[in-house]
Amino acid sequence: MSNRYAVILAAGQGTRMKSKLYKVLHPVCGKPMVQHVVDQITNLNIKEIVTIIGHGAEMVQAQLGDRSLYALQKEQLGTAHAVMQAQDMLEGKEGITIVVCGDTPLIKAETMEAIFKHHEELKAKATILTAKIDNPTGYGRIIRNEEGLVEKIVEHKDASEKERKINEINTGTYCFDNRALFEALKNVSNENVQGEYYLPDVIEILKKQGEVVTAYQTDEFEETLGVNDRVALAEAERIMRSRINESHMRNGVTIIDPANTYIEADVQIGQDTVIYPGTMIKGQSIIGTECIIGPNSEIDVCEIGNETVIRQSAAFNSSIGSNVNIGPFAHIRPDSTILDDVKIGNFVEIKKAVFGKGSKASHLSYIGDAEVGSDVNIGCGSITVNYDGKNKFLTKIEDGVFIGCNSNLVAPVTIKKGSYVAAGSTITKNVPEEALAIARAKQVNKEGYVEKLNLKK
Ligand code: UD1
Ligand code: MG
């Protein structure tokens, strides 16, 4: 196999996106477009990946890290000029270079592998990945001669009426003989409607030199979508979403309504888990087997065990064990650790708290900055008073504690092992092991008081 190199074009601003965020960093199913491209390319045995950066260079570099080398394109003078910036790194090397646009997030490794193969088999100097699509507006068109061989690519803006009728498009992915590419780039001019140096012009240049130039037409036209505006972004999102959902379903996850289920690209889900509609699962979330998630739940960067149920709830940056029951309408805020067999019921908010095995907060609670042991029962309406307006303090509730309803635990405070807190208490001092703490005014009954007030007519 020849040496393989890759150039990813990611320097453009993306004017048509009308956004502060640089185009290639716009996420599709939670992952920046250019990251999708790099993740696919990584499967291809490439010796060196060079990403061309310009607009938002530091941000793109921070996103991709050391998975790529970088070449800076100070001024964005066109896609040919962009590839030229990799000259110092690649020129003269023997091998095949694949060029991919950072705004084609749907392209798959298999398709890129196929174009490499095609290129090698035909001993070509350049191979274009093309597709036939219903609406080719905006794309470069593939111009073929009478024998059906590729002659050149004409950009939409430069195309004649007749050329615009051609529906075979340039997907923006190409394989080149590396040396021939950098030679040909020197001859690209910017005499066109946009005044840019077009990479597709390399095709015509090589063709005129009598070199072998071919096209590899893919049927997977959905993969070739180039995202230039928000309409295409939503389209890419839709296609990626159904691709992700389909792969989970094939792995044994039940998704009741795939069109209404939003799972980001890096999520892992175990077999026999059921996802109900209106659910979003985001970031690097890992969900175990036989869980029930949803309807209408949001899970962001959580690790969840097996047989856990989360209904109509939101959970962020937390770890949740097995056989846990959450919701409906619970909110698990970041840095919470919920161990096995826990119940977090309706209208309970948990923040930065550890919940030991088998503990319960079944109704209407706020538990923040807390360490809750195992087999603790937190009665309805009880809360940790963790904030004095300036600082946050820790509440410790040890194993087997019973907190009566509607109690306030004013932190810092420790409720020791096996103790009881009477309902309605405001606890400000530590409670010893096995003790009963009552911290509320004693009840006084005034006999006949109503009669005395003479309020009843
Ligand atoms: C390009 C192709 C077009 C093809 C389409 C496929 C050219 C001239 N046209 O058009 O034939 O059908 O992709 O989606 O190549 N970029 C840079 N530096 C620059 C200019 C662009 O790095 O100076 C990057 C952009 O960030 C983007 C990619 O190159 O990721 C493509 O640029 P874009 O402006 O989107 O080209 P299209 O008009 O889509
Ligand atoms: Mg584009």
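Read the numbers this way: they start at 1 and go in the same order the structure lists the ligands and their atoms. Along the sequence shown, residues carry numbers from 1.
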Determine the interplanar angle of the F329 and F347 rings, folded into 0 to 90°, and report it as parallel if under 30°, tilted if 30 to 60°, perpendicular if over 60°. parallel
Look at E349 together with R333 and state whether they make a salt bridge at an N to O cut-off of under 4.0 Å. yes
Salt bridge present between K282 and E298 (N-O < 4.0 angstrom): yes
Geometric N/O contact L199 with ligand 1, under 3.5 angstrom: no
Is it true that a side-chain atom of R311 and a backbone atom of N296 form a donor plus acceptor pair closer than 3.5 Å? no
Do you see a protein non-hydrogen atom under 4.0 Å from atom 24 (C) of ligand 1? yes
For F316, look at atom CZ and say whether over 12 heavy atoms of other residues, nucleotides or ligands are found less than 6.0 Å away. yes
Against ligand 1, does I169 come closer than 4.0 Å with any heavy atom? no
Side chain or backbone, does Y198 bring an N or O within less than 3.5 Å of an N or O on ligand 1? no
Can D103 and K23 be counted as an ion pair, charged N to O under 4.0 angstrom? yes
Flag this pair as yes if the NZ/CZ of R241 is under 6.0 angstrom from the six-membered ring centre of Y262 and inside a 45 degree cone about the axis; otherwise no. no
Would you check whether G78 has a nitrogen or oxygen atom less than 3.5 angstrom from a nitrogen or oxygen atom of ligand 1? yes
Examine L9 against ligand 1 and note whether any of their N/O atoms are separated by less than 3.5 Å. yes
Does the distance from a Lys or Arg side-chain N to an Asp or Glu carboxylate O, for E121 and K117, drop under 4.0 Å? no
Can you tell me which residue and heavy atom of the protein come closest to atom 21 (C) of ligand 1, and the distance to 0.1 Å? T79 CG2, 3.8 Å
Atoms of ligand 1 less than 4.0 Å from G140 heavy atoms? 3 (C), 4 (C), 11 (O), 12 (O)
Taking it one step at a time, do E48 and K93 satisfy salt bridge (Lys or Arg N to Asp or Glu O under 4.0 Å)? CA-CA 11 Å; E48 277 163 45; K93 291 191 173 166; 3.1 Å; yes
I'd like the name of whichever of V37, N170, V100 reaches closest to atom 4 (C) of ligand 1 through any heavy atom. N170
For D103, take its heavy atoms, then give the atoms of ligand 1 lying under 4.0 Å from any of them. 30 (O), 35 (O)
Would you say the side-chain atoms of S68 pair up with the backbone N or O of T51, donor to acceptor, closer than 3.5 Å? yes
State whether the shortest distance between N or O atoms of Y139 and N or O atoms of ligand 1 falls below 3.5 angstrom. no
Suppose I only count heavy atoms of A82 and a 4.0 Å limit; which atoms of ligand 1 are within that range? 17 (C), 18 (N), 22 (O)
Look only at interatomic distance and state if Q73 has a nitrogen or oxygen under 3.5 Å from any nitrogen or oxygen of ligand 1. yes
N or O pair under 3.5 Å between I153 and ligand 1: no
Which residue supplies the protein heavy atom nearest to atom 22 (O) of ligand 1, what is that atom called, and how far is it? A11 N, 2.9 Å
With a 4.0 Å cut-off on heavy atoms, does R16 reach ligand 1? yes
Only one of I107, V37, T224 clears side chain to side chain contact (heavy atoms under 4.5 Å, CB included) with T173; which? I107
How close does the nearest protein non-hydrogen atom get to atom 26 (O) of ligand 1, and which residue and atom is it? G12 N, 2.9 Å
In terms of atom number and element, which parts of ligand 1 are under 4.0 angstrom from non-hydrogen atoms of N228? 35 (O), 39 (O)
Kindly identify the option in T171, D201, V24 whose heavy atom sits closest to atom 14 (O) of ligand 1. T171
Does ligand 1 have any atom sitting under 4.0 Å from a heavy atom of K23? yes
Suppose I only count heavy atoms of C101 and a 4.0 Å limit; which atoms of ligand 1 are within that range? 28 (C), 31 (C)
Ligand 1 versus P200: contacting region, heavy-atom distance under 4.0 Å: side chain
Checking K47 against Y5: charged group under 6.0 Å from the ring centre and within 45 degrees of the axis? no
Check: of M17, M84, E155, Q85, min heavy-atom distance to atom 9 (N) of ligand 1 comes from E155
Looking only at distances, can you tell me whether any N or O atom of G138, backbone or side chain, sits closer than 3.5 Å to an N or O atom of ligand 1? no
For a salt bridge (charged side-chain N to carboxylate O under 4.0 Å, His left out) with R179, tell me which candidate from E91, E94, E211 qualifies. E94
If you have a sec, read the angle at the Mg ion (ligand 2) from N228 atom OD1 over to D103 atom OD2, to 10 degrees. 90°
For the residue pair Y174 and H119, is the inter-centroid distance of their aromatic rings smaller than 6.0 Å? no
So does K132 have more than 12 non-hydrogen atoms from other groups sitting under 6.0 Å from NZ? no
